[in-house]
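Throughout, protein chains are lettered first and strands after them, A, B, ... in sequence-line order, and every chain is numbered starting at 1.
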Amino acid sequence: MKVLVKFFVFDLPPGFADAELELPEGSVVKDVLDACLDLLEQRNVTMDVNELKTATVMVNNKWSDADDPVADGDTVSIIRPMDGG
Amino acid sequence: MYGYTGKMLFVNLTTGELEDKHIPEQWYRDFIGGPALGARILYEYMPAKCDVFGEDSMVGFISGPFNGSNFFCGGRYSVVSKSPVYNGWNDASSGGDFGPSIKAAGYDGVFVKGISPKPVYIFIDSGKAEIRDAEKYWGLTSVEFEKALAADLGCKYSASYIGPGGERMSPMACVLNDYSRAAGRGGTGAVIGSKKLKGVVCTGRLPIQIADKAGLTALNKSIAEFLKDHPMLANMRTAGSSGAFLPNLMSGDTCVKNYSVSLEETGKTVQDFERIGAPKLSDEYKTESYSCAACPMRCGAEVQVREGKYKTDENSKVARPEYESLGWFGPGIMNEDPEVVITCNHLCDQYGLDTISTGGTLGWVFECFNNGVLTKEELDGIEPFWGDGDAAVELTKKICDMEGCGKILAQGSSKAADYYGKGHEYLFVASGMEIAAHDPRRAPGYIRTYQLDPSPGRHVKGGLAKANDRMTRELRYNYRITGYHDVQETCVTEYINASGLCVFTARVFPGTSIYDAYKYVTGNEMNKRDLRFFGIRAFTMRHAFNLREGLRREDFTITDRMAGRPPLKGGPTKGITLDEVRLGDNFYNAIGYYQDGTPYLDMLEITGGLECVINDLYPPEEKK
Amino acid sequence: MNGRYSRNMPALSAEECAVLGQKHVCVVGCGGLGGFLIEILARIGVGAMTVVDGDVFDVTNLNRQLLCEETLLGTKKAEAAAARVSKINSDVKIKAVTEFLTMENGSQLLEDCDLVIDALDNIDSRRILAAVCAKKDLFLVHGAIGGWFAQITVVAPGSGVLDKLYPPKAQVPNKGNPSFTPAVCASIQATEAVKLLCGKPSTLLDKLLLIDLRTLEFTKINL
């Protein structure tokens with residue numbers, strides 16, 4: 001199955017595009033994040049693993065936890081928390 | 001110059017030279033006195049990275065402006081040096097009469113370098129100083145020394161000196177005055193011993209110029225009025241710091257079983273230790289109260305054990321143990337007998353050993369033995385089972401005499417663990433310094449102070465822990481807004497220590513009295529903002545000494561147990577693990593340092609008075 | 001109508017300006033976001049403001065905090081905010097609270113407020129603020145920044161949005177705090193605040209606006 005991953009407010013290189021990931025059936029949010037790490041590595045982007053793993057995730061605009069399932073065609077938004085003021 | 005004599009005595013024991021030194025007046029303004037001014041002076045006159053026991057190593061005895069001013073509770077002086085424990089900055093302070101006496105003898109401080117070929121002491125009488133032979137005093141305990149000195153001098157005097165512990169250069173050696181008062185921590189006693197210096201003896205009654213005597217008298221009156229009905233006054237008068245013992249034991253603050261478990265898990269209750277705390281301790285043993293100079297509290301007391309195997313010598317002055325000693329010689333080793341505590345404490349006082357370091361080392365030995373890490377054979381046949389008071393006294397005697405295993409244990413728990421090659425998991429130390437009986441798992445602020453104060457392992461350096469006491473549990477274990485409180489409380493404490501005030505009492509003084517007093521004594525203004533800048537300057541000056549020694553943030557270590565790794569399984573602090581890294585980050589952010597501990601250049605410039613630090617950290621050619 | 005507010009119009013109607021003058025806003029945090037927020041709200045003419053911050057200024061604040069001046073280093077941020085407001089608009093009743101917000105003092109601090117603005121700088125404090133707002137049934141205009149990024153949302157009382165935005169183990173890497181980011185974020189927070197105070201619908205209720213200033217992408221996500 002395929003899911004569309006969007007990164008928000010990560011310090012990715014400008015122009016870093018949203019990515020379509022191919023995942024096995026029955027994958028959950030956690031698997032999407034793992035796949036993202038591979039993706040980042042492929043695109044030569046270094047990122048603190050914790051930064052990604054502790055981010056907020058929404059699947060189709062719904063808050064999701066690490067163990068929530070994802071389905072074919074879902075849009076997964078990964079939002080890095082920020083707290084400055 | 002009001003509030004000061006304006007004169008420092010510099011002594012070189014190698015050459016026998018004595019010099020009256022007038023340090024820049026601005027230094028007094030910027031650093032006030034005590035540890036802060038001491039740090040500025042050592043930064044100037046002591047070369048970086050010198051051998052702590054070498055000729056260049058310096059030790060200072062330094063007063064503050066309130067010493068001798070008669071401002072309430074302004075009688076504390078400090079000793080400053082490099083520490084033989086962690087090879088960084090050390091300051092420790094003490095009450096009694098020595099602080100005012102040094103000024104009445106004509107000096108704001110005495111700074112000593114070099115090594116004497118034979119034991120000597122420095123004698124100062126009304127502005128005249130000399131080096132005197134101390135051969136006959138070498139090896140004497142505090143009581144013996146004070147008595148011999150009194151007989152020989154035949155006049156009123158006050159002395160700051162070492163006992164046999166310092167002479168034998170134990171890193172746990174303290175600096176004594178008035179029999180049992182001690183600038184205890186960090187091993188400055190050993191540095192003094194390495195110089196073959198028994199101590200500094202002052203006599204004289206030179207007056208101190210006060211800017212506004214009437215103002216100060218009126219202020220004292222208003223404080224007296226305020227304190228009259230303050231609960232602290234009654235508590236301090238009757239119990240001193242021993243009054244804190246039972247409440248602290250209950251709250252999870254005290255070092256139960258070498259900090260390994262909560263009281264609850266030992267199967268014991270607070271009642272089991274009742275005789276060690278107030279009021280029983282004083283009811284049973286107290287003979288009389290005494291106070292430091294200019295203090296209305298009278299929190300000190302003498303005790304006597306009138307009978308039994310721990311009967312004390314009636315001719316000896318025996319101090320009632322302070323809270324920290326009660327904690328370590330009591331529940332720290334699960335001892336319930338107050339006479340054991342009094343005996344161990346008195347041994348330390350006589351031999352000039354810090355009771356916190358000695359007690360902390362005992363706690364470590366007890367835990368090692370009970371967990372089969374140290375054996376009877378390694379401890380000269382002593383079997384320190386938990387709660388065995390006799391074993392505690394025997395071990396303390398061995399440490400005092402530096403005999404057998406005492407020779408190793410007198411190096412402190414950290415070095416002893418290295419020597420034996422085991423027991424490191426039971427250490428409760430910051431940069432090798434044993435910790436007072438205040439558990440950071442109860443007041444997390446302590447972990448930052450224990451770790452990152454320029455004199456690590458101290459409970460008297462203010463910091464967030466002071467604010468923790470006012471916080472609800474929810475706030476105490478939070479890591480937000482810690483930087484501001486941490487720096488603020490540190491600044492107040494820097495001021496208290498520098499000016500010669502007492503951390504116990506000055507904090508409760510009403511309103512702006514501790515600033516007002518500064519104005520009345522020195523004629524200089526001080527407000528809240530000035531205080532903050534002073535505090536940051538003072539901290540940074542002491543910190544800069546460490547930076548110059550090459551010490552960095554990673555060199556200031558704590559043991560995992562201190563941060564609750566693993567957490568306790570019971571009691572009020574059950575399950576608590578601290579994030580000391582974040583507390584340190586927050587503190588450095590708020591005080592204006594990079595995360596590695598290097599101060600920002602503009603912070604140094606704006607704080608002012610730190611040109612010497614700027615020149616070292618940001619040499620002109622590298623300045624951006 | 002005073003000339004002072006004539007240029008608010010006709011973007012805001014005279015009635016809306018009058019309504020604003022009756023409102024009491026609490027700005028929690030007087031740092032990067034708070035400084036700009038307080039400035040904007042004072043100038044547009046809210047009736048009263050409570051500004052809350054226990055901290056003092058230090059050198060690292062100079063690059064971005066509108067209220068921070070070299071001569072004010074070491075002084076309380078909330079006091080500087082009050083001084084600034086009384087200089088630019090004496091119509092505004094200003095109350096400075098030089099303490100940090102806690103669960104204990106929170107309810108009292110927000111007494112009589114119509115709207116609360118989150119200009120804090122750490123997650124734990126924000127959680128506490130959201131909890132107090134839920135208790136007091138107050139809307140909260142949340143803003144947060146980090147590096148080139150900003151986020152703004154309007155939190156209905158008790159909606160739990162902040163708990164979602166900040167999962168329990170959220171880690172926030174330091175991305176710096178350049179001066180332009182707080183200005184953008186605060187400006188949008190103030191915009192939403194004014195809408196809410198005037199009874200207009202807020203664009204960001206249950207929506208999260210994410211701003212990437214590197215690309216100038218503004219993304220609204222439905223919450």
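Around atom CD of C:Gln108, no more than 12 heavy atoms belonging to other residues, nucleotides or ligands sit under 6.0 Å away. No more than 12 heavy atoms of other residues, nucleotides or ligands shown are found within 6.0 angstrom of CD on C:Glu70. Around atom NZ of C:Lys136, more than 12 heavy atoms belonging to other residues, nucleotides or ligands sit under 6.0 Å away. Within 6.0 Å of the CD atom in C:Glu104, the count of heavy atoms belonging to other residues, nucleotides or ligands exceeds 12.
For C:Leu120, the part sitting under 4.5 Å from any heavy atom of chain A is the backbone (N, CA, C, O) and nothing else. Neither the backbone nor the side chain of C:Pro182 comes within contact range of chain A; no heavy atom of the residue lies under 4.5 Å from a heavy atom of that chain. Contacts between C:Asp212 and chain A at a heavy-atom distance below 4.5 Å are absent for every atom of the residue.
Between C:Leu165 atom CG and A:Met82 atom CE the span is 9.0 Å, to the nearest 0.5 Å. The CD atom of C:Gln171 lies 11.5 Å from the CG atom of A:Leu52; values are rounded to the nearest 0.5 Å.
Considering all non-hydrogen atoms of both residues, C:Pro167 and A:Ala55 come closest at CG-O, 4.3 Å. Residue C:Leu33 comes nearest to A:Gly84 through the heavy atom pair CD1-O, 4.1 Å, listed as atom of the first residue, atom of the second, then distance. Minimum interatomic distance between A:Met58 and C:Leu223 (heavy atoms only, all atoms of both residues): CE-CD2, 4.0 Å. What you find for A:Phe10 and C:Phe149 is that their closest heavy atoms are O-CZ, 3.5 Å.
In this structure the side chain of A:Asp83 never reaches within 4.5 angstrom of the side chain of C:Asp121, judged on heavy atoms. The shortest side-chain heavy-atom distance between C:Ile221 and A:Phe8 falls under the 4.5 Å cut-off.
For chain C, the option among A:Val57, A:Val9, A:Thr56 with the highest count of heavy-atom pairs below 4.5 Å is A:Val9. Looking only at heavy-atom pairs under 4.5 Å with chain A, the residue among C:Thr219, C:Ile211, C:Thr215 that has the most is C:Thr219. Among C:Gly29, C:Ala170, C:Ala186, C:Gly147, the residue with the largest count of heavy-atom pairs under 4.5 Å with chain A is C:Ala170.
In this structure a side-chain-to-backbone donor-acceptor pair under 3.5 Å is missing from A:Arg80 to C:Val172.
The pair C:Lys175-A:Asp11 meets the salt-bridge criterion, with a side-chain N (NZ, NE, NH1 or NH2) lying under 4.0 Å from an Asp/Glu carboxylate O.
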